[in-house]
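Written below as structure tokens is the structure these notes are about.
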There are 2 protein chains.
Amino acid sequence: MSRTTGGGDERTGRTIRSVEIALNIIELLQERGRIGVTEIANDLGHSKSTVHSHLRTLEKRRVLVREGDGYRLSLRIIDMATRVREQVGNYDVIEREVDKLATETGEIAHFGIEEYGEVYYLCKARGSQSVETKSRIGTQQPMYSTSLGKTILAHLPPERQEQIIESCRFEPHTPHTITSPDALYEELETTIERGYGIDDEENIEGLRCVAAPVKNGETVLGAISISGPTSRFTDERLHTELAEHVKRAANVIELNTKFS
Amino acid sequence: MSRTTGGGDERTGRTIRSVEIALNIIELLQERGRIGVTEIANDLGHSKSTVHSHLRTLEKRRVLVREGDGYRLSLRIIDMATRVREQVGNYDVIEREVDKLATETGEIAHFGIEEYGEVYYLCKARGSQSVETKSRIGTQQPMYSTSLGKTILAHLPPERQEQIIESCRFEPHTPHTITSPDALYEELETTIERGYGIDDEENIEGLRCVAAPVKNGETVLGAISISGPTSRFTDERLHTELAEHVKRAANVIELNTKFS
DNA sequence: CGGGAGGTTCCCCCTACGGGAACAACGATT
DNA sequence: AATCGTTGTTCCCGTAGGGGGAACCTCCCG
């Protein structure tokens, strides 16, 4: 019943059971695609009648649709997502710059935001020679092993930074992954000095990334990055041409963005 | 308390109040962006304590985030949306063909799906000379006044077709909008015969569209369309070149799509 | 025709939810 | 600094709303 809330701070207090059940149903549906009452009831350990009234509620509210024999999530979710995206700063500019970055460099470009102590990809664009990665819009990655994550982390206010790092469970994804708070703090230091963050095969073997922070005054909104194979991402190119590219893109977004 | 469920069929039976409250909160958040407990409580007519426990539940489950003074929807919604999209047939192919259609014709292209008696835009691409429309991924449009809608409707099984048309409230958006079931049935007839559907300034003045159905065997998955200004969408061009384009795109999607 | 699986309905009992009110944490205004 | 107003949080109580069991319906398959 209890889930690991690996993220930032642990919340305590009363929560509402029916809402949690509904969310469990939604999450299950999200994983499985299209399923029926009985399967859901068995999986969640609830009676069919309970699940049934939930499904009815969610269908009435157009969160899900009955399709053939079973239910699936409704397309309204997509509408919601679009609105969420638009609420984040000036999304149009971000998208345009990510696209531009990908075309100019030929590599893969991302824009990410911190939430719950992880990086969420807000948008992504692939250049002409970009490698295929499993990244997908909306998925999250750890902060400590990605260029986006480390860059954002470096520019967060100290107390939030600590909070996140403390609740981090460092798992080595490759031999290069940073696995201790101390090493991470040091890396953040150099990230600040340098003005951009890098990921040297720390998350995926053979993949290097450069990221620059996008700030609004003193607060970080997120970061923008380019990723590519070590073969093309030489030390030379990474620290000159590519670093310049992400910094320029970040700058353009900053200039074009007026936050609330 | 009761909402107009304009869509397909009216559902009756027990629904769960707490879940509805939670959904109301989510919807409010979706409209307003970032708001606090008191504002939500006032707007929904609930006590602050009630709203508070709901917010706590939703925050725990990462549906929303506390940001500064207030809450906003979390980026996890975007992840959910991405998965929903991927569950729809072969989304990659659809996206590619919509893009291609837009580039080839220079106009604006859409792919839409029927749900709750309306058309939902699943994806969209803009060509080089495309006009700006207010359409957005995830938004819905009426069936009877759009080329996508009429095309899908024409190919739906008779009982579902009737069901939707009966629950339709025909509102004239322009002088050309079809406003009676009879006229609509007739139009659907010709749509079937012709093999593609058109919208001749029925939804937006000055805008014409052509759409072709995308089917999987006997069932319609959705439809793909091109839209543009009447000046460029002459009878001649619309019924030859453009109609061919959408039909070809629809065909490619059909061939590349293996449904469950 | 009969059996089985999944969906729907009914009803009961208990709990967990909604609401009111008190409490706490800021901030502004004078 | 002191006071008030505003917003977020906590506590507690009474009850109605929700979870569960079991019966019932529907469809499919042999």
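None of these values were measured; they are calculated from a predicted model.
- Axis deviation across the helix from C/dC1-D/dG30 to C/dT30-D/dA1 amounts to 40°, comparing end segments of five pairs, rounded to 10 degrees.
- Nearest nucleotide to the side chain of A/H46, out of C/dG7, D/dG8, D/dG20: D/dG20.
- For D/dC11, the OP1/OP2 oxygens have no side-chain nitrogen or oxygen of B/S49 closer than 4.0 Å.
- Within the 4.0 Å cut-off from OP1 or OP2 of D/dG18, not a single side-chain nitrogen or oxygen of A/S18 is found.
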Listing, residues 182-193 of chain A side-chain donor-acceptor contacts under 3.5 Å, not counting sequence neighbours, or none:
residue : atom : partner : partner atom : Å
A/E187  : OE2  : A/K150  : NZ           : 2.9
A/T190  : OG1  : A/E187  : O            : 2.8
A/T191  : OG1  : A/E187  : O            : 2.7

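- In the set C/dG18, D/dG8, C/dG6, C/dG18 carries the atom at the smallest distance from any side-chain atom of B/R17.
- Contact between the side-chain N/O atoms of A/T50 and the OP1/OP2 oxygens of D/dG18 is not found at any separation under 4.0 Å.
- In this model, the phosphate group of D/dG18 is not approached by any side-chain N or O of A/R56 to a distance below 4.0 Å at OP1 or OP2.
- Side-chain N or O atoms of B/E115 include one that pairs as donor or acceptor with a backbone N or O of A/L75 at under 3.5 Å.
- For the pair A/I16 CD1 and C/dG19 C1', the computed distance is 12 Å after rounding to whole Å.
- For A/H54 and D/dG19, the shortest distance from a side-chain N or O to OP1 or OP2 is below 4.0 Å.
- At C/dG7, none of the side-chain N or O atoms of A/H52 fall inside 4.0 Å of OP1 or OP2 (strictly under the cut-off).
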